[in-house]
Amino acid sequence: MQYRMLGKTGIKVSEIGYGAWGIGGAMWQGAKDDESIQALHKAIDLGLNLIDTALVYGDGHSENLIGKVIKQRSERLYITSKIPPKNGKWPAQSGSKLRDVFPYEHIIKCTETSLKNLGIDTIDVQQFHVWDDAWAVDSEWQDAIAKLKEQGKIRYFGISINDHQPNNALKVAATGLIDSFQVIYNIFDQTPENNLFPLCLQNGIGIIVRVPLDEGGLTGKITPETMFPEGDFRNLYFRGDRKQQVAERAEALKKLLGKEAASLPELALRFCLHHPAVSTVIPGMRSVSNVKANCLLSDGRTLSAALIAELRSHAWNRNFYQA
Ligand SMILES: NC(=O)c1ccc[n+]([C@@H]2O[C@H](COP(=O)([O-])OP(=O)(O)OC[C@H]3O[C@@H](n4cnc5c(N)ncnc54)[C@H](OP(=O)(O)O)[C@@H]3O)[C@@H](O)[C@H]2O)c1
């Protein structure tokens, strides 16, 4: 496993981090706790040191599982969690008031609940789970974050930017109060490279890449016949003819497999890691076999400029999180 700096925090994080949404169950059906715990242990055995979760992932279940695992480990592990919007609206609606989404008391209370779920005293990076850049200079969230830092309940602060809106955080990036951003960046959505990444490099803000495999679309495993369990959010994400669309895109990408990347997940993760602004990539992985495959590809090798150039034409502008 290779490590990179998380912006200017001084923390060195593993290139592959652990996306812990799926192990929370609920929106991702089919997770088995025993297997999730084994997968987390395997990831740590392989040098992974950053685990990304959120209070809402299985209503605290993801945090509980992580808490159980980290209690048994002696390695220095970095936990990133998230504060849900008080009004329950994903993504943040333009024009909504910060007071309705992240009031001071809500920020404090959610962080304290996450600490309890995780069984720890300090969250390394606490993040807002949604964002509207109109709130950038609002002192209410700034005061709450300063308080949490002063009390030692969080070490650093970041924002998980709304789906496919990398430009909706450029103002807050300039406040100097942001240690890291979590953003969708993958072969299909390469847009963070335009404005967000250069600004983060310039300001020493870390980048945590989420959804590197397009919720499975970039694994090459989704076909028109793929079925997801009842209640699983992927029934919405891949609704209508989207499985067919994704399968066609994946087939086109498979033509690029070879010496540089043997499988589609490998190509997708190596693509994310090629950019110098990226600190860590956090695929969701509930099985030991996916953990092994993903962790082992962090080996210091980067994709060639020629292959990256080829991947430019596979960018795909769409938002499957919306109808
Ligand atoms: N708004 C937000 O802040 C937000 C939103 C979404 C995600 N996130 C964070 O980002 C993380 C990653 O996103 P995600 O989990 O939604 O999607 P993702 O990482 O793009 O895709 C996860 C899917 O890929 C599969 N997979 C992983 N490695 C594989 C491999 N080597 N071969 C084949 N399949 C593989 C997983 O299978 P298994 O699960 O069966 O192993 C799962 O079905 C989340 O877990 C969460 O921590 C944050």
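The model shown is predicted, which means the values in this text are computed figures rather than measured ones. FYI, the numbering just counts along the sequence from 1. We count ligands from 1, going down the list as the structure has it; atoms in each ligand are counted the same way.
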**Item:** Subset of ligand 1 atoms that lie under 4.0 Å from at least one heavy atom of A20
**Value:** 45 (O), 47 (O)

**Prompt:** Between V211 and ligand 1, which part of the residue brings a heavy atom under 4.0 Å of the ligand: side chain, backbone, both or neither?
**Reply:** both

**Numbered atoms and elements of ligand 1 in range of G216, under 4.0 angstrom, heavy atoms** = 21 (O)

**Message:** Quick one, W141 with W131, criterion side chain to side chain contact (heavy atoms under 4.5 Å, CB included). Give me CA distance, side-chain angles, the key distance, then yes/no.
**Reply:** CA-CA 11 Å; W141 70 265; W131 183 248; 3.6 Å; yes

**Complete:** Looking only at protein heavy atoms, what sits closest to atom 44 (C) of ligand 1 is W21 CB, 3.6 Å

**Item:** Residue selection (non-hydrogen contact nearest atom 5 (C) of ligand 1) among R210, Q127, E35
**Value:** R210

**Message:** For Q182 and Q127, which I'm curious about, is there any donor-acceptor pair between the side chains at under 3.5 Å?
**Reply:** yes

**Prompt:** Does any donor atom in the side chain of N317 or H164 lie under 3.5 Å from an acceptor atom in the other side chain?
**Reply:** no

**Item:** For atom 47 (O) of ligand 1, closest protein heavy-atom neighbour
**Value:** D52 OD2, 2.7 Å

**Asked** Looking at atom 9 (C) of ligand 1, what's its closest protein heavy atom, distance included?
**Response** Q182 OE1, 3.5 Å

**Asked** Going by distance only, is there an N or O of S160 that falls short of 3.5 Å from an N or O of ligand 1?
**Response** yes

**Request:** Could you tell me which atoms of ligand 1, counted from 1 in the order shown, lie closer than 4.0 angstrom to a heavy atom of N294?
**Result:** 27 (C), 28 (N), 29 (C), 30 (C), 31 (N)

**Request:** Classify the ring geometry between F102 and F128 as parallel (under 30°), tilted (30 to 60°) or perpendicular (over 60°).
**Result:** parallel

**Item:** Between T280 and E15: side-chain donor-acceptor atoms closer than 3.5 Å
**Value:** no

**Request:** Kindly confirm or rule out an N or O of Y321 lying under 3.5 angstrom from an N or O of ligand 1.
**Result:** no

**Message:** Quick check: D163 and ligand 1, any N/O pair under 3.5 Å apart?
**Reply:** no

**Request:** Would you kindly say whether Y104 and K147 are connected by a side-chain donor-acceptor distance under 3.5 Å?
**Result:** no

**Prompt:** Going by distance only, is there an N or O of E215 that falls short of 3.5 Å from an N or O of ligand 1?
**Reply:** yes

**Prompt:** Of all the non-hydrogen atoms in the protein, which one sits nearest to atom 12 (C) of ligand 1, and at what distance?
**Reply:** I282 O, 3.0 Å

**Message:** Need the ligand 1 atom indices (1-based, order shown) with element for anything under 4.0 Å from a heavy-atom of G19.
**Reply:** 11 (C), 44 (C), 45 (O), 47 (O)

**Request:** Enumerate the atoms of ligand 1 whose separation from the nearest heavy atom of S287 is less than 4.0 angstrom.
**Result:** 41 (O)

**Message:** Suppose we call two aromatic rings close when their centres sit under 6.0 Å apart. Are H275 and F197 close by that rule?
**Reply:** yes

**Prompt:** Looking just at side-chain N and O atoms, do E63 and S114 make a donor-acceptor pair shorter than 3.5 Å?
**Reply:** yes

**Prompt:** Hey, is D232 close enough to R234 for a salt bridge, meaning N to O under 4.0 Å?
**Reply:** yes

**Message:** Does any N or O of ligand 1 fall below 3.5 Å from an N or O anywhere on W90, backbone included?
**Reply:** no

**Asked** Which of the atoms in ligand 1, numbered in the order shown and given with their element, are less than 4.0 Å from a heavy-atom of H129?
**Response** 1 (N), 2 (C), 3 (O)

**Request:** Could you tell me the residue and atom name of the protein heavy atom closest to atom 33 (C) of ligand 1, and the distance to it rounded to 0.1 Å?
**Result:** K221 NZ, 3.5 Å

**Request:** Would you mind checking which non-hydrogen protein atom is closest to atom 37 (O) of ligand 1, with the distance to 0.1 Å?
**Result:** N290 ND2, 3.4 Å

**Request:** Establish, from distance only, whether the side-chain atoms of N167 and N195 form a donor-acceptor pair under 3.5 Å.
**Result:** yes

**Item:** Protein contact to atom 42 (C) of ligand 1 [nearest heavy atom, distance to 0.1 Å]
**Value:** W28 CZ3, 3.7 Å

**Request:** List the steps, then state whether side chain to side chain contact (heavy atoms under 4.5 Å, CB included) holds for H41 with V69.
**Result:** CA-CA 7 Å; H41 276 300; V69 169; 3.8 Å; yes

**Item:** Nitrogen or oxygen of M285 less than 3.5 angstrom from that of ligand 1
**Value:** no

**Prompt:** Relative to each other, are the rings of F320 and Y237 parallel, tilted or perpendicular (30° and 60° limits)?
**Reply:** perpendicular

**Prompt:** Got the closest protein heavy atom to atom 19 (O) of ligand 1, with its distance?
**Reply:** G284 N, 2.9 Å

**For R234, atoms of ligand 1 separated by under 4.0 Å from a heavy atom** = 43 (O)

**Request:** For ligand 1, find out whether one of its N or O atoms is nearer than 3.5 Å to an N or O atom of R286.
**Result:** yes

**Message:** Under 3.5 Å, is there a donor on one side chain and an acceptor on the other for Q142 and D138?
**Reply:** no

**Asked** So, T80 and D52: side-chain donor and acceptor under 3.5 Å apart, yes or no?
**Response** yes

